[in-house]
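Computed from a prediction, not measured in an experiment: that's the story for all the values here. Lettering follows sequence order; numbering is per chain, from 1.
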Number of protein chains: 2
Amino acid sequence: MKIRSEFTCPLEVTLDMISGKWKPIIIWRLRLGKQQLSTLNKDIQGINQKMLIQHLSELIECGIVEKITYGGYPLKVEYFLTELGWKFLRGLEVFQKIGQEYLGQYDNKSFLSNAR
Amino acid sequence: MKIRSEFTCPLEVTLDMISGKWKPIIIWRLRLGKQQLSTLNKDIQGINQKMLIQHLSELIECGIVEKITYGGYPLKVEYFLTELGWKFLRGLEVFQKIGQEYLGQYDNKSFLSNAR
DNA sequence: CCGTATCCTCTGCGATACTG
DNA sequence: CAGTATCGCAGAGGATACGG
């Protein structure tokens, strides 16, 4: 995770903290409560386990997510949002709404043809 | 600009639209009103002209920004937010606040040592 | 003052295999 | 079920030069 050192305003730092293809959606999923790795892996379309763990680690590193490790077999670990994480969630809710309105509103969004 | 085709929720599409090192800060700057390229270039720490134009083009492509080209010499072009752009701005305001609180609150944010 | 074209580096992301 | 280790590649981002 790279956080830029020079920045024009705090916004840049905050967004660097959740920059990564899957970080926002991970936070978004954790709004539903504590989640296991396997659950997240199943629920997030297109992600793989390695990226999931990597992104979760970085989210933990900057205090957005925490985890609880239960002993025993099979292993059980639960990830959940910290208080800081919930603040980020409030920002993501705005973008979720924009996305909902926008995707429903128009039919030809030419830039979406770049979709992969 | 690549927008993922499979996604878990609209949030991912919306964030793909502003993904790019400088896009959020460009939008943020445009909250102040119409801006010229040279002004943005001067005001945004660390950006260069090529990236600025590239990111502006992509923001125009997906309807977040528009531009007006005035004839004459020297050339004058002004960039500004569309209605959709202002919606994104409301989301960014949340992250700006988080950043302000957060940066002021603690002194040792270890992950910031990765800053470059 | 705006914008385009090259070239080059570096890293984010994905596939895959393996360990506790 | 959770996590680590390797390897490879496409593409994002930056320096620099040129053109309208």
| message | With rounding to the nearest 0.5 angstrom, report the CG to CD distance, A:L11 to B:Q100. | response |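 These two atoms lie 9.5 Å from each other.
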| Okay, side chain of A:K23, backbone of A:S19: is any donor-acceptor separation there less than 3.5 Å? |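 Yes; judged by distance alone, with no hydrogens or angles, the pair exists.
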| request: Keeping the roles fixed (side chain from B:T39, backbone from B:Q35), state whether a donor-acceptor pair exists under 3.5 Å. | output: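 Looks like no, no N/O pair under 3.5 Å.
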Is the distance from OP1 or OP2 of [N] to the nearest side-chain N or O of [X] less than 4.0 Å?
| X | N | result |
| --- | --- | --- |
| B:Q36 | C:dC2 | yes |
| A:S38 | D:dA2 | yes |
| B:H55 | D:dA12 | no |
| A:N48 | C:dC13 | no |

| To the nearest angstrom, how far is B:E58 atom CD from C:dG3 atom P? |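 It is 15 Å, rounded to the nearest whole Å.
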| request: Let me know the distance between CG of B:L52 and P of C:dC2, rounded to the nearest Å. | output: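 Rounded to whole Å, this separation is 10 Å.
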Closest listed nucleotide, where the reference is the side chain of [X] and the choices are [options]:
| X | options | value |
| --- | --- | --- |
| B:W22 | D:dA2, D:dG14, C:dT4 | D:dG14 |
| A:M51 | D:dG11, C:dC13, C:dG12 | C:dC13 |
| A:Y73 | C:dG20, D:dG11, D:dG13 | C:dG20 |
| B:K21 | D:dG13, C:dC13, D:dG3 | D:dG13 |
| A:P74 | D:dC1, C:dC1, D:dA2 | D:dC1 |

| said: Taking atom types as they are modelled, would you say the side chain of A:Q54 forms a donor-acceptor pair with the base of C:dG12 within the 3.5 Å cutoff? | reply: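 By the distance-only test, no, there is no pair.
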| Contact class for A:L37 vs. all strands (heavy atom < 4.0 Å): base, sugar-phosphate, or nothing? |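 Sugar-phosphate: the residue A:L37, judged by heavy atoms under 4.0 Å, touches backbone atoms but no base.
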| Base, sugar-phosphate, or nothing for B:K67, non-hydrogen atoms under 4.0 angstrom? |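 Sugar-phosphate, backbone atoms only, no base.
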| query | When you match A:K50 and A:Y79 each to their closest nucleotide on DNA chain D, which lands nearer the 5' end? | reply |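 Nearer the 5' end of the strand: A:Y79.
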| said: Between the side chains of A:R29 and A:D43, is the shortest nitrogen-to-carboxylate-oxygen separation below 4.0 Å, so that they form an ion pair? | reply: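 Yes, A:D43 and A:R29 are salt-bridged.
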Scan the side chains in residues 74-94 of chain A for donor-acceptor partners under 3.5 Å anywhere in the protein, sequence neighbours excluded, and list what turns up.
{"unit_1": "A:E78", "atom_1": "OE1", "unit_2": "A:Y70", "atom_2": "OH", "d": "2.7"}
{"unit_1": "A:T82", "atom_1": "OG1", "unit_2": "A:G63", "atom_2": "O", "d": "2.6"}
{"unit_1": "A:T82", "atom_1": "OG1", "unit_2": "A:I64", "atom_2": "O", "d": "3.1"}
{"unit_1": "A:T82", "atom_1": "OG1", "unit_2": "A:L84", "atom_2": "N", "d": "3.3"}
{"unit_1": "A:T82", "atom_1": "OG1", "unit_2": "A:G85", "atom_2": "N", "d": "3.0"}
{"unit_1": "A:K87", "atom_1": "NZ", "unit_2": "B:E101", "atom_2": "OE1", "d": "3.0"}

